[in-house]
Amino acid sequence: MTSRMKTTKPWAGRFSQATDGFVERFTQSVSFDWRLAPYDIQCSIAHVTMLARVGVLSADECEQITNGLSDILDEIETGKFAWKQELEDVHMNIETALVDRLGEVGKKIHAGRSRNDQVATDMRLFLRAEVKNISSLLLQNMQALVALAERETDTLMPGFTHLQAAQPVTFGHHIMAWYEMLKRDQQRLRDCLDRINVMPLGAAALAGTRFPIDQSFTAELLKFSTVAENSLDAVSDRDFIIEFCADAALIMMHLSRFSEELVLWLSPQFGFIDIDDAFCTGSSIMPQKKNPDVPELIRGKTGRVYGDLVGLLTVMKGQPLAYNRDNQEDKERLFDAVDTVKLCLEACVNLVPSIRVNRAAMLAAAEGGCLTATDLADYLVLKGVAFRDAHAIVGGIVQHAMAQGRDLAQMQLAEMQKFCDKIEEDVYGYLDLQGSVSARDHTGGTAPDRVKQAVAQARQYLSTLGDAGNGSA
Ligand code: ARG
């Protein structure tokens, strides 16, 4: 805050004492809500344009206020604006600056509104813009994943359950699972926009206003799709922020799981992938280390967004209607969630194209673990053995193979026939990794042809989403 000079507060009329210095520091929000300034000004310009339309302001007054606000925005954007802590928040800082410039006319801006509907509107405008940014980053990540999957549609790797090698899958299929998660995240954000896009203006402090306002007109100017149906709800609702944070928490959960896999795959024990040195960091003591700090930090930052969500739910849980100052606590949490998600999505979008796949290591891991045991059981079922019996027979064969350090595909026919005489030469088609994945050729299956289809469908889907990736204004 640049000034310690005492400034008259817009609400000072009924007070006979100056605000205590500590209370000013305790109640101020301008140190963080200054970033709402462009939205606050957009909101105010729409408000006065409407007031002029309904005759509460003259055209000349409206023009003076609009020009004054535009000049203030200019000052803010060029860093020349002097924010004052004693003016509490972004709204009173801007209003006071306007009055300083215009005198009497500036004082007319606040007719028919309150900071309560103003701040709710600013937050919605801010979040709508940021949801579009996040949506577009999600889209870029989806594109990066599809490009990676496309290069690896035939690459064999072990698929895991319980982090134990389970059945062979293709790496392209594995990557497309991540695409599906981000696709849902992107759809959730699109849904969330419907609830954000509601205009609170007109609710004023809580009960509405006597002025002959034209809310549809203001909503049109601000590109809101609807006007809030209840003034008490309009000023006190923060569901749209909580809903966004829940969506953001899910995005972070997905990015964190993805990061966890990258960390595992990058470890020499897996050695499935490598990423560019530029995306890794070293150890200050162990010269051999190449550490995956970027995915680790994404995993670590997930906790912030979960915290933001739980913090916001808690801010709201005890509040009677309508506006309470508790609501001021929504800002830092929302800003943190927005900033963290954007930062982590940006990290991922840079990281994914730098992934180099070690196909030989993936294949070696898939070859060693009798991963086609389920295929062998399925083979026996086709030969008339009941699945439970087949499971037990194959268990015996697996035990035998593992004791000798061999994979199922390396077993002699005669050895296997000792466990079950229904096994014939055609069994090898079931034991081979390639055959195993290719046979899973159904919706959602891991067959390379299916993965190619999934990639094509994804490209088609992405092309329908447009720039912002949200399909709506
Ligand atoms: N800085 C406040 C907030 O963030 C603005 C609204 C203040 N309203 C009031 N009646 N004190 O919520």
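Predicted model, so just to flag it, every value in this text is computed and none were measured.
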Distance, nearest 0.5 Å, that separates CG of Leu351 from CD1 of Ile275: 4.5 Å
In sequence, state the C-alpha distance, the side-chain angles, and the governing distance for Asp154 and Lys452, and then conclude on salt bridge (Lys or Arg N to Asp or Glu O under 4.0 Å). CA-CA 9 Å; Asp154 296 284; Lys452 284 179 190 122; 3.8 Å; yes
Looking at every heavy atom in both Ala204 and Asn116, which two are closest together, and how far apart are they? O-CB, 3.8 Å
Closest heavy-atom pair, Ile355 versus Arg151, reported as atoms and distance to 0.1 Å, is O-NH2, 4.5 Å
Does a side chain donor of either Arg450 or Thr170 reach within less than 3.5 Å of an acceptor in the other side chain? no
Report yes if the side chains of Phe81 and Asn93 come closer than 4.5 Å at any heavy-atom pair, otherwise no. yes
Mind listing the closest non-hydrogen atom pair of Met362 and Pro158 along with its distance? O-CD, 3.5 Å
Please check: side-chain N/O of Thr153 versus main-chain N/O of Gly172, any donor-acceptor pairing under 3.5 Å? no
If you draw the axis of the six-membered ring of Phe224, does the NZ or CZ of Arg124 fall within 45° of it and under 6.0 Å from the ring centre? no
Please examine the side chains of Leu262 and Pro292, heavy atoms only from C-beta on, and report whether any two atoms are closer than 4.5 Å. no
Expected output: side-chain Asn197 to main-chain Asp194 donor-acceptor under 3.5 Å: no
For Ala414, does its backbone N or O pair with a side-chain atom of Gln412 as donor and acceptor, under 3.5 Å? no
Exactly one candidate in Leu36, Val90, Ile94, Asp122 meets side-chain contact (heavy atoms from CB on, under 4.5 Å) with Ile41; the answer is Ile94
Just by distance, no angles: are the side chains of Glu261 and His174 close enough, under 3.5 Å, to form a donor-acceptor pair? yes
So does Asp339 pair up with Arg35, basic N to acidic O under 4.0 Å? yes
With sequence neighbours excluded, residues passing side-chain contact (heavy atoms from CB on, under 4.5 Å) with Ala454: Met176
Got Ile72 and Ile76 here, is their nearest side-chain heavy-atom distance under 4.5 Å? yes
What's the spacing between His91 NE2 and Ser29 OG if we round to 0.5 Å? 6.0 Å
Just jot down the side-chain hydrogen bond (donor to acceptor under 3.5 Å, both in side chains) partners of Asp277, sequence neighbours excluded, or say none. Lys290
Between Arg238 and Asp330, is the closest basic N to carboxylate O distance under 4.0 Å? yes
Tell me, do Arg190 and Leu465 make a side-chain contact under 4.5 Å, heavy atoms counted? yes
So does Ala278 get a backbone contact from the side chain of Asp276, meaning a donor-acceptor N/O pair under 3.5 Å? no
Supply the atom-to-atom distance Gln140 CD to Leu462 CG, rounded to the nearest 0.5 angstrom. 11.5 Å
Measure across Glu88 and Arg325 and return the closest heavy-atom pair with its distance rounded to 0.1 Å. OE2-NH2, 3.2 Å
Is any side-chain N of the basic residue among Asp89 and Arg115 closer than 4.0 Å to the acidic one's carboxylate O? yes
Look at atom CD of Gln399 and say whether more than 12 heavy atoms of other residues, nucleotides or ligands are closer to it than 6.0 Å. no
Please step through side-chain contact (heavy atoms from CB on, under 4.5 Å) for the pair Ile242 and Leu309, ending with a clear verdict. CA-CA 6 Å; Ile242 297 177; Leu309 171 63; 3.9 Å; yes
Do we see a donor-acceptor contact under 3.5 Å between the side chains of Ser436 and Arg440? yes
Specify whether Phe335 and Phe126 have parallel, tilted or perpendicular ring planes, treating 30° as the upper limit for parallel and 60° as the lower limit for perpendicular. perpendicular
Is atom CZ of Arg195 surrounded by more than 12 heavy atoms (other residues, nucleotides or ligands) closer than 6.0 Å? yes
Side chain of Asp117, backbone of Leu201: donor and acceptor closer than 3.5 Å? no
Should the pair Phe272 and Phe160 be assigned to parallel (<30°), tilted (30 to 60°) or perpendicular (>60°) ring geometry? tilted
Any chance you could lay out the side-chain contact (heavy atoms from CB on, under 4.5 Å) test for Val131 and Phe240, step after step, and finish with the verdict? CA-CA 11 Å; Val131 161; Phe240 66 101; over 6 Å; no
Say whether, by atom type as modelled, one donor and one acceptor occur between the side chain of Asn141 and the main chain of Val349 under 3.5 angstrom. yes
Distance from Met252 atom CE to Lys301 atom NZ, nearest 0.5 Å? 8.5 Å
Worked verdict on Arg257 versus Trp178 for side-chain contact (heavy atoms from CB on, under 4.5 Å): CA-CA 9 Å; Arg257 292 183 67 189; Trp178 293 112; 3.4 Å; yes
Does any part of the side chain of Ser236, heavy atoms only, come nearer than 4.5 Å to the side chain of Asn324, both counted from C-beta? no
In this structure, which one of Val427, Asp378, Asp426 forms a side-chain contact (heavy atoms from CB on, under 4.5 Å) with Lys383? Asp426
Are the side chain of Asn350 and the backbone N or O of Glu346 linked by a donor-acceptor pair below 3.5 Å? yes
Minimum side-chain heavy-atom gap Thr372-Asp432 below 4.5 Å: no
Is Asn358 reaching over with its side chain to a backbone N or O of Gly271, donor-acceptor style, under 3.5 angstrom? yes
Are there more than 12 heavy atoms of other residues, nucleotides or ligands under 6.0 Å from atom NE2 of His400? yes
So, for Asn230 and Leu232, which heavy atoms are closest and what is the spacing to 0.1 Å? OD1-N, 2.9 Å
Keeping Thr302 on the side-chain end and Met253 on the backbone end, is there a donor-acceptor pair under 3.5 Å? no
Is the count of non-hydrogen atoms from other residues, nucleotides or ligands lying under 6.0 Å from Glu229 atom CD greater than 12? no
Testing the basics here: between Tyr306 and Ala249, what is the closest heavy-atom pair and its distance to 0.1 Å? CE1-O, 3.5 Å
Between Thr464 (side chain only) and Tyr461 (backbone N and O only), is there a donor and an acceptor less than 3.5 Å apart? yes
Got a second to check how far Leu250's CG is from Leu182's CG, nearest 0.5 Å? 11.5 Å
Derivation and outcome, side-chain contact (heavy atoms from CB on, under 4.5 Å), residues Ile45 and Thr49: CA-CA 6 Å; Ile45 290 177; Thr49 307; 4.0 Å; yes
As an exercise, state the distance from CZ of Phe419 to CD1 of Ile393, rounded to the nearest 0.5 Å. 10.0 Å
Pair Arg359 + Glu152, salt bridge at N-O below 4.0 Å: yes
With Tyr430 via ring-ring contact (aromatic ring centres under 6.0 Å, His included) - residues at least two apart: Tyr379
For residues Asn327 and Gln319, is any side-chain donor paired with an opposing acceptor at under 3.5 Å? yes
